[in-house]
Amino acid sequence: MTENRNETDYISLYERLKAHNEEGIYPFHMPGHKRYAGKAPVIDPYGIDITEIDGFDDLHHPEGCIMEAEERAAKLYGTFKTYYLINGCTGGILAAISACCGRKDGILIARNCHKAVYNVVMINRLRPYYVWPERHVITPASVKEALEEHDDIGCVVITSPTYEGYTSDISEIADIVHEYGITLIVDEAHGAHFPWSDMFPESSIKLGADIVIHGIHKTLPSLTQTALLHVCSDRIDLTEIRRYLSVYQSSSPSYVLMGSIDHCLEYIRNDMTAYDAAAVNGGTGICDTDHSESDYRRYTAKLRRCYEQLAELKNLYVLPWGSDRDASKIVICTDRVEIDGLQCYNILRHTYDMQPEMYSAEHVILMTSVWDSDDSYDRLVQALKEIDGGLDSRVSEDPEEAVSSGTDVRTTDKTYRYPHNETVTDIHSAVHADSMDIIFEGSAGYISCDMVYLYPPGIPYIVPGERISAECVGLLDIYKKRGYAVKGMADMEGRLIRVMK
Ligand SMILES: Cc1ncc(COP(=O)(O)O)c(C=O)c1O
């Protein structure tokens, strides 16, 4: 039918973006600059979009202003070496794992890692071993057990914090990993803001990780795709890191993105000077006031007040923040009420003009940042109070348990969010195997060639090379019927899956 379409009968992506910006829908999602909701430099992107001309260095071979900018970033975060990334955390994850696993065949992965981790395992034909999260986090004991069992592991990859903001005990995990003479990579994509207030958990940079990857576009005021790769110990071969960063990142790195990283970090540096200067609570670093000059102090004071107000909700439940859960992610649990995550998300979006970051069956995640507008939290609290007032509390269940296990109290009592499928072969062999497309409903028992996930968060339910369990088919069917975005299947409609013959 496309040939009959009037050439002018469409709205371009560019026009859509401009219109959306003017609509007043509040962004409780990334990027952390919140589309200038706070303060940002007024720049013409064309005016600073150059290539590697005289005086502007080369990201892949930095000797001048980019080298100096990376050195300033390392100093700010207190790392051994920091690299600018212009292809998101994805580029950093691909480079870090490729550099660290070079001489071994095996890799130990937290099974709740982002799909980028599985993709680099495929590219490098690595043999994956998994540790599964227990109540949101990876336990040091499970890492030790896996390292004891397999002697071909080249590095360990953990995601901390999770999308819901939970952090694992990186300090103890790092000690264990180092006992075995290997390296720990922490995907801290959602934790680039951790060092900037005591309200947030400690960054893995300070906890013994060898490499930490930060998506600064996620939680700091920086443009989409900007990220940092931090090397935090002398166990890492910097030549290998540089080599793989050149493999996985564009040979024409955007100066607009690099300028955005630099501007963001300069802003943080200045704000930290103000933060340190503001004497609050007798210098304990605990901020409970908005009468200071630092944006981070104002931001965390607003967040604190928001949590206090949300604690008054009667039916919806808000995950508490603490030293092991990131306060910047406001997670609204719907498991005790008659609406699910998707319905809550739709009410926020369509009745209250707020765009959350994501929904799952049992919760909605709202992302905040230091550039949220002053009235955004009041708007959010007001909306949630109104939604809450119209709900019944129908199920009594520990809401934290529901998020951690994936228990879906509205269908069956125990449907785990990440059912354990048996790993039969490695990802590369499965992706390139002789295959056929079959109806997903009938795929239990077959070995998958596809990676199937909900996006966000992009954590695979099925990894290529896994035998698809009946439990997994059942759970994904429920998600599909409820309208959740199940991705990675053989067809765009999500009816077929590619399996090994
Ligand atoms: C935990 C985690 N790691 C890595 C990524 C990939 O990051 P990017 O989109 O910056 O490439 C994401 C994306 O959301 C993520 O949530």
Side-chain angles (χ1 to χ4, degrees), residues 27-33 82-98 107 109-123 130-131 133 136-138 156-168 170 184-194 201 203-204 209 211-230 244-245 247-250 253-254 257-258 260-261 264 325-326 328-329 331 355-360 363 365-367 369 417-418 451 453-461 463 485 487-488:
F28 279 113
H29 58 82
M30 12 178 170
H33 59 66
T82 289
Y83 299 88
Y84 274 25
L85 304 175
I86 43 73
N87 189 21
C89 296
T90 298
I93 289 170
L94 300 180
I97 294 178
S98 301
I107 181 167
I109 301 170
R111 186 56 178 76
N112 60 345
C113 277
H114 184 265
K115 63 193 173 76
V117 174
Y118 301 85
N119 285 333
V120 69
V121 167
M122 175 189 73
I123 294 168
Y130 300 117
V131 274
H136 320 289
V137 300
I138 300 299
V156 177
V157 187
I158 307 279
T159 296
S160 178
T162 62
Y163 229 100
E164 293 88 9
Y166 285 99
T167 55
S168 294
I170 295 301
L184 175 64
I185 299 170
V186 178
D187 175 358
E188 200 171 85
H190 290 263
H193 59 297
F194 280 6
S203 169
S204 304
I211 293 181
V212 174
I213 294 144
H214 275 158
I216 62 169
H217 67 102
K218 296 184 193 295
T219 60
L220 298 183
S222 191
L223 292 177
T224 297
Q225 285 190 213
T226 56
L228 298 170
L229 186 155
H230 304 288
Y244 284 107
L245 283 175
V247 170
Y248 292 120
Q249 300 207 100
S250 169
S254 161
L257 296 184
M258 290 188 278
S260 174
I261 300 176
C264 169
R325 204 193 76 79
D326 174 17
S328 82
K329 291 272 175 56
V331 181
Q355 176 64 61
E357 166 68 17
M358 66 162 282
Y359 57 83
S360 81
H363 62 264
I365 299 182
L366 298 124
M367 287 181 70
S369 99
R417 184 179 301 158
Y418 294 110
M451 177 152 54
Y453 54 92
L454 296 189
Y455 204 85
I459 301 167
Y461 282 82
V463 173
K487 305 213 168 139

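A quick note: this is a predicted structure, and the numbers were derived from the prediction, not measured. Order of appearance sets the numbers: ligands from 1, and atoms from 1 within every ligand.
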How does I93 reach ligand 1, if at all, at less than 4.0 Å between non-hydrogen atoms: by side chain, backbone, both, or neither?
side chain

Name the closest protein heavy atom to atom 15 (C) of ligand 1, giving the residue it belongs to and the distance to 0.1 Å.
H114 CD2, 3.5 Å

For atom 16 (O) of ligand 1, what's the nearest protein heavy-atom neighbour? Residue, atom name and distance, please.
H190 NE2, 2.8 Å

Using only heavy-atom distances, determine whether the side chains of H217 and S222 contain a donor-acceptor pair under 3.5 Å.
no

Would you mind checking which non-hydrogen protein atom is closest to atom 8 (P) of ligand 1, with the distance to 0.1 Å?
C89 N, 3.5 Å

Taking side-chain contact (heavy atoms from CB on, under 4.5 Å) as the criterion, tell me which of I170, V156, I211, V157 meets it with V186.
I170

Under 4.0 Å to a heavy atom of G88 - the qualifying atoms of ligand 1, by number:
10 (O), 11 (O)

Does ligand 1 have any atom sitting under 4.0 Å from a heavy atom of K218?
yes

Please state whether the rings of Y130 and Y118 are parallel, tilted or perpendicular, taking 30° and 60° as the class boundaries.
tilted

Report the nearest protein non-hydrogen atom to atom 11 (O) of ligand 1: residue, atom name, distance rounded to 0.1 Å.
T90 OG1, 2.5 Å

Can you classify the ring geometry of Y455 versus Y453 as parallel (below 30°), tilted (30 to 60°) or perpendicular (above 60°)?
perpendicular

Parallel under 30°, tilted from 30 to 60°, perpendicular over 60°: which one fits the rings of Y163 and H190?
tilted

So CD1 of I97 and SG of C113: to nearest 0.5 Å the spacing works out to 7.0 Å

Between H217 and ligand 1, is there a nitrogen or oxygen pair with a distance under 3.5 Å?
yes

Would you mind listing which atoms of ligand 1 come within a distance below 4.0 Å of any non-hydrogen atom of Y163?
16 (O)

Could you list the atoms of ligand 1 found under 4.0 angstrom from a heavy atom of T159?
1 (C)

Side chain to side chain, T219 and S369, heavy atoms closer than 4.5 Å
no

When distances are taken from atom 4 (C) of ligand 1, the protein heavy atom at minimum range is D187 OD2, 3.4 Å

Before giving the answer on side chain to side chain contact (heavy atoms under 4.5 Å, CB included), spell out for I86 and Q225 the whole-Å C-alpha distance, their side-chain angles and the decisive distance to 0.1 Å.
CA-CA 6 Å; I86 43 73; Q225 285 190 213; 5.7 Å; no

